[in-house]
Amino acid sequence: MNKNWWKESVVYQIYPRSYKDTSGNGLGDIDGIIEKLGHIKSLGVDIIWLCPIYKSPNADNGYDISDYRRISDDFGGDEAFDRLLKAIHNSGLKLIMDLVVNHTSDEHYWFEEAKKSKENKYHNHYIWKKGNPKTPPNNWQSVFGGSAWKWNEKTKEYFLHLYTQKQPDLNWENSEVREEIYSIIDFWLDKGVDGFRMDVISMISKRLAFEDIPDSMPIVELMEKFYSNGPRVHEFIKEMNRKVLSKYDIVTVGEGPGINLENALKYVSEKENELNMVFHFDHLFIDYGPKGKYDPIPIDFIKFKKIFSQWDNLLANNGWNSIFLGNHDFSRIVSRFGNDKDYHFESAKLLVTLLMTMRGTPYIYQGDEIGMVNVAHPSIEFYDDVETLNAWKLAEIEGKDMELFLKLVHKQGRDNARTPIQWDSSKNGGFTKRKPWIPLNKNFKMINVTNQEEDPHSILQYYRKMIAFRKANKTLVYGEYKDLEPNHSKLFIYKRWDEKYMFLVAHNFSDNLQEFSADYVKDYTLSSSNYLSNEKQNFLQPWESRIYFKSKSC
Ligand code: GLC
């Protein structure tokens, strides 16, 4: 196993519009991030991943880029970005940017030109199909609902958009498109950024036959077989690696819907020279029913653990894993995998213990460090996210019970993770002095950074402690992993070890006491726990997490 700085790093993900507003326009901005660098640094993380801050009409909050080389004025513009990069590097941190090149905005000049005529220089930058306005070329559905094809009257063709109509898919078959993208990558790397998180990179190569999808195919399978992992995806990523990425000492992580245990190594095996890591979604799609996130099924905990073990096993000697439980596209981790009511503190601490004791690079999403929880607004008017709003419209058309659907939004919606960071108990949680772009979670007076700074036993302090613990123990980074109780329905108990040290980590994922055999920890000493007292040695308390340690020489 080769050692690398990015393997030993902890990443902190920022969703800039919800981080901290300094300009007073209700949107988080770059100066807000600069202001809060002390907070980020104090966590002990190494890398910041910024969700898109480029010029964009924001149909999908920046995942629809209209100019790849310019920073949006909403966030402070190019000059603010240069200051941010400098400040990040001066604090000893690194910065990775979001690279969104499966699609552009329809307001990017390539598309504005492309739609004018078939002869236009940029026409072939996108994916077009002949047809008539009433019959789309096939039955593909956009990930956000509705047909994935939109009619363009001017050329009498459809264009493909796997996301919103305002996000036309780029035609990677066209080498000019690829060259343009590589030059954009070069532009940012030359500026000094330290890598990229590549948005839906598994989807860039299309299956050009555009065959219909069988009606009953579950969404997760459809992703794997139709939208992702197309025939030239590896050729394209290898080319990108050869022509640009390999020239810099950077880190790359590919977002990979459709990446699974069978195909992941093709993306991340060291000998393939493609990406350093991918984000797979096996554990985050765990509660998706056949129709996806708004058709949820209960979380199967044994399966959840198995996913961690299978992925660890797959990447044990080849490639590298990314360890994460949520991001800006999913609900809050403590609400989803913990208990955000009776065991809020305990379960939030348990989850970071899990993140910091797995093999792979851990990613923390903003706000999780204070245990921010899901939000339950009283009606759909409070929501902003295009995926949520489209799902709502579709549910209405299908005649669903909308009261029940609102509950689903509370549980699954992306805005759960997008409410502004709760800095303190002042107006708007200290996020903005004006009207925030999206309402805050009402609990900000209780859950906020300032409160938790003052409390030595807060979630925030525990995050710092666990990140430091990981950084001090390379065994937790590179060591072997084994699940000792794969069939236990409440406990997750695993070992991490190398030639020198052994760790035994035990988590109780339940609201009840669970018996915990002393045999597991014979000769070990307890080195960390999320409870202050561990009187009941042979029981794990609700949502308790313990880390035991022994040196192999004793
Ligand atoms: C990724 C992003 C998500 C976005 C989508 C389309 O999944 O994380 O926020 O909507 O790609 O770009």
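No hydrogens, no waters, no symmetry mates; every other heavy atom, side chains included, goes into these values. We count ligands from 1, going down the list as the structure has it; atoms in each ligand are counted the same way.
- No donor-acceptor contact under 3.5 angstrom links the side chains of Y126 and H161, judged on distance only.
- Remark: E387 pairs with K293 by the side-chain hydrogen bond (donor to acceptor under 3.5 Å, both in side chains) rule, at least two apart or across chains.
- Cation-pi geometry between K115 and W128 is not satisfied (NZ or CZ under 6.0 Å from the ring centre, within 45° of the ring normal).
- Under 3.5 Å, the side chains of R69 and S183 contain a donor-acceptor pair of N or O atoms.
- For L208, the side-chain contact (heavy atoms from CB on, under 4.5 Å) criterion is met by E173, K206, F210, not counting sequence neighbours.
- For ligand 1, the protein residues within 4.0 angstrom (heavy atoms only) are D60, Y63, H103, F144, Y163, Q167, R197, D199, V200, E255, H328, D329, R414, R418.
- When the side-chain hydrogen bond (donor to acceptor under 3.5 Å, both in side chains) test is applied to D106, the partners found at least two apart in sequence or on another chain are K166.
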